[in-house]
Amino acid sequence: MKTIVVGGQYGDEGKGKILSYLALVDNPEIIARGGVGPNAGHEVNYKGKRYPMRMLPCGFVNDKARLMIGAGVVVNPEVFLKEVAMIDAHKRCFIDFRAGLITKEHIERDTASENSKKIGTTKTGCGPAVSDRVNRIGKMVTESPELKPYLIDVVKEVNSAKNVIIEGTQGFMLSVLYGTYPFCTSKDISASSIAADVGLGPTQIDDVVMVIKAYTTRVGGGPLKEEVGVEEAKSKNMQEYGTVTGRPRRTSMNLHFDDLRLAATVNGATQIAITKIDVRFPGNAGVTEYAKLSKEARSFIEDVEKELKVPVTLIGTGPDTESIIDRRKR
Ligand code: IMP
Ligand code: MG
């Protein structure tokens, strides 16, 4: 099985939680990350500890899986090495030798540029590193002595393995092709691009899980339908803060089905995972059986299935990896 997990909104859908669960129950040999770079902040809460992951796959919680970063990702060596040390995984972390390098100069450019300020980027140097790569002037990971021990041919590994989970980053509405341009990230981050990032062809992908949150948030500039103020979001426990930047996230208490339909189409979603059902519908925290969800929560999930015509297979009911309902047929 080769399964891609992508975000269906503006990032921060709770991919970290879904990915860590899938890594534990589906027993992948390899978990490979595509997407942009350390602008991503994926939160994993496992066995009482919180791990804010920016470079390594969230599936690290399965300690038998090898963790890989694909050629399409731009790598910040400092962030990478810190995370490898944090999860104590020196022997099972790898980077494709074709990946691009983020330098201090990229971070400076991302921090100082007027355009970055307007977009409200994460200031992690990702945009400048991606654009240098496109201009064919970017440095490669092979130019960093400290990354040398980790470099391999990820393409070979993911194509020869049977069971692989591929992690996307950000969310569909931040795609440079399909999102709210110019308020978006520097790459397309839909499932086809994520597959290419790690070196898998489209015919090799069995499943695409699109993760959505039961309400909508975004950080940085750009449009957000039905946006509410901080106080209103707080009153519904929906006010969130960025994993990478600590910025308050902007909130809309609803789902935007026109956007989600486009996201499901372009991603070729075969399954939907919904997170934070317990926040949108209080009283459902920690539920692990569908029948035990409240009536409102169940009718909300049925609405999503009707609107998107894709089955909702995974339902998150709390921050912990184990707070989940798994409706997949096995
Ligand atoms: P950049 O990707 O750092 O260039 O930022 C461009 C836009 O994408 C900004 O609005 C960021 O807040 C947003 N963004 C980038 N990565 C993420 C993410 O992982 N989650 C949420 N928003 C993100
Ligand atoms: Mg995030």
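We count ligands from 1, going down the list as the structure has it; atoms in each ligand are counted the same way.
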Does a donor on one side chain sit under 3.5 Å from an acceptor on the other, for [X] and [Y]?
X: T180; Y: R218; answer: yes
X: E226; Y: Y215; answer: no
X: D207; Y: T3; answer: no
X: S190; Y: D188; answer: yes

* Asked: Short list, please: which atoms of ligand 1 are under 4.0 Å from a heavy atom of Y10?
  ->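 Within the 4.0 Å cut-off of Y10, ligand 1 contributes 21 (C), 22 (N).
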How many angstroms lie between atom [atom1] of [X] and atom [atom2] of [Y], to the nearest 0.5 angstrom?
X: H106; Y: D132; atom1: NE2; atom2: CG; answer: 3.5 Å
X: Y290; Y: I325; atom1: OH; atom2: CD1; answer: 8.0 Å
X: I31; Y: K64; atom1: CD1; atom2: NZ; answer: 11.5 Å

Which residue and atom name correspond to the protein heavy atom nearest [atom], and how close is it?
atom: atom 19 (O) of ligand 1; result: A40 CA, 3.3 Å
atom: atom 10 (O) of ligand 1; result: V219 O, 3.1 Å
atom: atom 16 (N) of ligand 1; result: Q170 NE2, 3.1 Å
atom: atom 11 (C) of ligand 1; result: G120 O, 3.6 Å
atom: atom 12 (O) of ligand 1; result: R247 NH2, 3.0 Å
atom: atom 3 (O) of ligand 1; result: T122 OG1, 2.5 Å
atom: atom 21 (C) of ligand 1; result: D12 OD2, 3.1 Å

* Counting only protein atoms, how many N/O/S atoms are less than 2.8 Å away from the Mg ion (ligand 2)? ->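 Under the 2.8 Å cut-off, the count stands at 2.
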* Asked: Which part of L174 is near ligand 1, with near meaning a heavy atom under 4.0 Å away: side chain, backbone, both or neither?
  ->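 It is the side chain that touches ligand 1; the backbone stays farther off.
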* To do: Report the part of S116 (side chain from C-beta onward, or backbone N, CA, C, O) that has a heavy atom under 4.0 Å from ligand 1; answer both or neither where that applies.
  =>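 Neither; no heavy atom under 4.0 Å.
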Looking only at distance, does [X] have an N or O less than 3.5 Å from an N or O of ligand 1?
X: T124; answer: no
X: T185; answer: yes
X: T121; answer: no
X: N39; answer: yes

* Nearest heavy-atom pair of V198 and A32: which atoms, and what distance? ->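 Residues V198 and A32, closest heavy atoms: CG1-CB, 3.9 Å.
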* **Distance-minimising heavy-atom pair for N39 and V244** =>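 For N39 and V244, the tightest heavy-atom pair comes out as O-CG2, 3.5 Å.
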Tell me if a side-chain donor or acceptor on [X] pairs with a main-chain N or O of [Y] at a distance below 3.5 Å.
X: D110; Y: T124; value: yes
X: N267; Y: A191; value: yes
X: K187; Y: V130; value: no
X: N284; Y: S294; value: yes

* Is I119 near ligand 1, meaning one of its heavy atoms is under 4.0 Å from it? ->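 I119 counts as a contact of ligand 1 under the 4.0 Å cut-off.
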* Which one of C184, G35, G220 has a non-hydrogen atom at the shortest distance from atom 6 (C) of ligand 1? ->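 Result: the heavy atom closest to atom 6 (C) of ligand 1 is in C184.
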* **Passing option when R249 is tested against T217, T216, D12 for side-chain hydrogen bond (donor to acceptor under 3.5 Å, both in side chains)** =>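 Of T217, T216, D12, side-chain hydrogen bond (donor to acceptor under 3.5 Å, both in side chains) with R249 is met by D12 alone.
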